[in-house]
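Have a look at the structure below before the remarks.
Throughout, protein chains are lettered first and strands after them, A, B, ... in sequence-line order, and every chain is numbered starting at 1.
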There are 2 protein chains.
Amino acid sequence: MNLRELQYLVAVDEHRHFHKAAAACFVSQPTLSGQLKKLEQELGVQLVERNTRQVVMSAAGREVADQARLILAEVKMLKEIAQQHANPLAGSLHIGLIPTIGPYLLPHVMAALRRALPELKIWLHEYQTAVLLERLRQGELDVLVLALPVETGDLVVHDLYREPFRLAVERNDPLSRQAAVTLGDIQDANLLLLEEGHCLRDHVLDVCLAAGAGRKTDFHASSLETLRHMVGEGMGMTLMPELAVPEKVRRNELIRYVPFVEPKPTRRVAMVWRKNSHRQQAFEAVANTIRESLPVRVYF
Amino acid sequence: MNLRELQYLVAVDEHRHFHKAAAACFVSQPTLSGQLKKLEQELGVQLVERNTRQVVMSAAGREVADQARLILAEVKMLKEIAQQHANPLAGSLHIGLIPTIGPYLLPHVMAALRRALPELKIWLHEYQTAVLLERLRQGELDVLVLALPVETGDLVVHDLYREPFRLAVERNDPLSRQAAVTLGDIQDANLLLLEEGHCLRDHVLDVCLAAGAGRKTDFHASSLETLRHMVGEGMGMTLMPELAVPEKVRRNELIRYVPFVEPKPTRRVAMVWRKNSHRQQAFEAVANTIRESLPVRVYF
DNA sequence: TATACTGATAGATAATATCTATCATTTGGA
DNA sequence: TCCAAATGATAGATATTATCTATCAGTATA
């Protein structure tokens, strides 16, 4: 049985005339007659009673034709589902971002993404790096925005930008009065860190290593905002990604975000997607829009 | 697009392995791979992202596979509908009967029909002859039981039985005391008739013509039961089909059903069906069962 | 009686599904 | 590190099916 046979049967039901039904299906009358006969043989039941006056649908033929109509409608629906997906700059795009990037990057770029890719329905998912990678591999997510390095295996890595860190200190800290700090300045610093699982923790630890093993507190924060509050309470200092730094310094701000001298410590932010994905066109469009929308404080 | 391609896609979704999916579909792996590729080309969207580690369904692939599953289930349903119709002694059979036959014939034969054809679901429809013939031609009814003659055109006419009439008279009528009556006895009789549309009316009129123009009242009854009541009220007499005559005469019965002498006036009862119908086997089975179940008071 | 119309059949052709053989790439085990 | 196994893809050949045109048989109409 195939869909063409069902189309022929529905056409015969509607036209009650083999020649007209064949014309409606864009085939010859013997083709339609033969295919209909084949369908009847396969189903083991007569669907159409023919004579030279009028084609009569049997009871079976009417019920089967009704069911065939249903099936053909569902097939049309399947094609519509595919059509929706076929335009890579249309349809759904599931983006995963790590929590130290998402809330600070998106406000800069969402408006531009909506303008540049109006037919794309962007779904945002925020998880830590390991979870993101697993869901990407499973196909639940289409593309990730995260900080390198990670174990990407055969995934495609597409650089986005390089983001410098600033030193976040309590406003009464002596370092807050410097125009810029060096890694040496944090050699003996009490640094606050994110909890295990956040790659930012590893990045900050890498910077500490470069600075000569700065002292680290045992208290861990679950988010950058929690870190921020702890710094404001004078519990220690931390490295803050540039996009997480407020653009306007308020008069009673508890925290000073002091830049480093060059070469500043930075983290690489990249998009990652599966090598076999055919939506590379969409991913590159998203990457270009993000780069064009970033403030000049981050590098390419 | 065809149903096999949908089966292949669903199999790949379930197995996440081209070789296993191909085996499940009883085709070779290159066949499945090629057909899936053809489907993707036709739909214009990638459904499956392949690599040598694990097959990943794209978002489009998952949605299309879900829809394909739905379609394949509906196709199964269509085959079940056909299967139900394929056994001619099973499934539904729509029988049309005229009102002067149905209520009097069916009590004699329904039990036997149920025993003889247990898988047949008999639907009964009661209309006058013209309506029955139209619905038969339109395919709404499969077979008719009616009295001849009718304009059957190219329909198949299959004799069932010949049903004699009795003379129904009020019990105080002098004719009620005769063992049998002749057509001459009703020559001056006041005969009651069914209304227009009932072929029994025409049959009774034919008998009157044979008897020599018996007088006829202008009042018409809509059913045999109404006729019966009118006879009981002494309004006149009528011809009653044999099967409409109660088998037991009650002591206070108002009506006497007096038989005619031979050759008795009769009507031919037949089954009628469309020449092209392929359920002749079922119709003949029904006819045989009816004939075997009739009381001996009717002829073949 | 002849022509037109209907659906069916036959043989030829076009299109498609499926096969086997083999390829390219990746992975795992020795 | 090398070789074999496993994966999905491609190529060419074959089998199967869909469709064509020509024509048939039966019916209806002018």
Side-chain angles (χ1 to χ4, degrees), chain A residues 1-43 46-58 61 137 139 151-156 274-278, chain B residues 1-43 46-58 61 137 139 151-156 274-278:
Chain A
M1 178 188 306
N2 63 38
L3 297 173
R4 287 288 272 167
E5 290 167 341
L6 301 188
Q7 286 171 352
Y8 298 159
L9 176 65
V10 168
V12 166
D13 189 17
E14 282 167 7
H15 292 89
R16 299 304 171 93
H17 190 283
F18 275 56
H19 286 250
K20 291 176 180 175
C25 296
F26 306 103
V27 294
S28 65
Q29 174 267 322
T31 294
L32 186 141
S33 177
Q35 291 291 74
L36 213 47
K37 181 160 196 165
K38 184 161 83 58
L39 180 61
E40 284 176 322
Q41 280 167 345
E42 179 180 339
L43 293 178
Q46 187 188 13
L47 303 173
V48 182
E49 295 171 23
R50 312 114 152 111
N51 56 43
T52 53
R53 185 189 298 108
Q54 187 188 32
V55 170
V56 173
M57 301 297 291
S58 67
R137 291 199 171 93
E151 289 297 315
T152 51
D154 59 336
L155 299 172
V156 173
R274 290 183 302 273
K275 189 172 65 181
N276 305 95
S277 176
H278 275 33
Chain B
M1 177 189 310
N2 63 39
L3 297 171
R4 286 288 273 170
E5 291 168 338
L6 301 187
Q7 285 170 354
Y8 297 158
L9 177 66
V10 167
V12 166
D13 189 19
E14 284 168 8
H15 292 88
R16 299 304 171 94
H17 190 283
F18 274 57
H19 286 251
K20 290 175 181 174
C25 295
F26 306 102
V27 295
S28 66
Q29 174 269 321
T31 294
L32 186 140
S33 177
Q35 290 292 75
L36 213 45
K37 183 161 195 163
K38 184 160 83 58
L39 180 60
E40 284 175 322
Q41 281 166 345
E42 179 180 337
L43 294 177
Q46 187 187 13
L47 303 173
V48 181
E49 295 172 22
R50 309 108 153 118
N51 55 43
T52 52
R53 184 190 297 110
Q54 187 188 33
V55 170
V56 173
M57 302 297 292
S58 68
R137 289 200 173 90
E151 289 297 315
T152 51
D154 58 339
L155 299 172
V156 174
R274 291 183 303 273
K275 188 172 67 181
N276 305 96
S277 176
H278 275 34

Within this structure, what is the [atom1]-to-[atom2] distance between [X] and [N], rounded to whole angstrom?
X: B:Arg4; N: C:dA17; atom1: CZ; atom2: C1'; answer: 9 Å
X: B:Glu49; N: C:dT25; atom1: CD; atom2: C1'; answer: 18 Å
X: A:Lys38; N: D:dT17; atom1: NZ; atom2: P; answer: 7 Å
X: A:Leu39; N: D:dT17; atom1: CG; atom2: P; answer: 14 Å
X: B:Phe18; N: C:dT25; atom1: CZ; atom2: P; answer: 18 Å
X: B:Glu42; N: C:dA15; atom1: CD; atom2: P; answer: 16 Å
X: B:Gln7; N: C:dT18; atom1: CD; atom2: P; answer: 10 Å
X: A:Arg16; N: C:dG7; atom1: CZ; atom2: P; answer: 12 Å

Are [X] and [N] close enough that a side-chain N or O sits under 4.0 Å from OP1 or OP2?
X: A:Lys37; N: C:dT9; answer: yes
X: A:Arg50; N: C:dA8; answer: yes
X: A:Tyr8; N: C:dG7; answer: no
X: B:Asn2; N: C:dT16; answer: no
X: B:Thr31; N: C:dC19; answer: yes
X: A:Ser28; N: D:dT19; answer: no

For B:Gln35 and for A:Lys275, find the nucleotide of DNA chain C with the closest heavy atom, then tell me which residue's nucleotide is more 5'.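 That would be B:Gln35.
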Roughly how far, to the nearest 0.5 Å, is the CD atom of A:Gln46 from the CE atom of A:Met57?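 Answer for the CE-CD pair, A:Met57 versus A:Gln46, is 10.0 Å.
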For A:Leu32 and for B:Pro30, locate the closest nucleotide of DNA chain D by heavy-atom distance; then report the residue assigned to the nucleotide nearer the 5' terminus.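 The answer here is B:Pro30.
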What's [X] touching, base or sugar-phosphate or nothing? Going by heavy atoms closer than 4.0 Å.
X: A:His17; result: sugar-phosphate
X: A:Asp154; result: nothing
X: B:Gln29; result: base

Does B:Arg137 have any salt bridge (Lys or Arg N to Asp or Glu O under 4.0 Å) partners at least two apart in sequence or in another chain, and if so, which?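 B:Arg137 satisfies salt bridge (Lys or Arg N to Asp or Glu O under 4.0 Å) with no other residue.
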What's the shortest heavy-atom distance between A:Asp13 and A:Arg16, and which atoms?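 For A:Asp13 and A:Arg16, the tightest heavy-atom pair comes out as O-NE, 2.9 Å.
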Is the backbone of A:Ser58 close enough, under 3.5 Å, to the side chain of A:Glu49 for a donor and an acceptor to pair up by distance?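 No, because the side chain of A:Glu49 does not come within donor-acceptor range (under 3.5 Å) of the backbone of A:Ser58.
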Kindly say whether B:Asn2 contributes a backbone atom to a donor-acceptor pair with the side chain of B:Glu5 at under 3.5 angstrom?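 Yes, the answer is positive, given that a donor and an acceptor are paired below the 3.5 Å cut-off.
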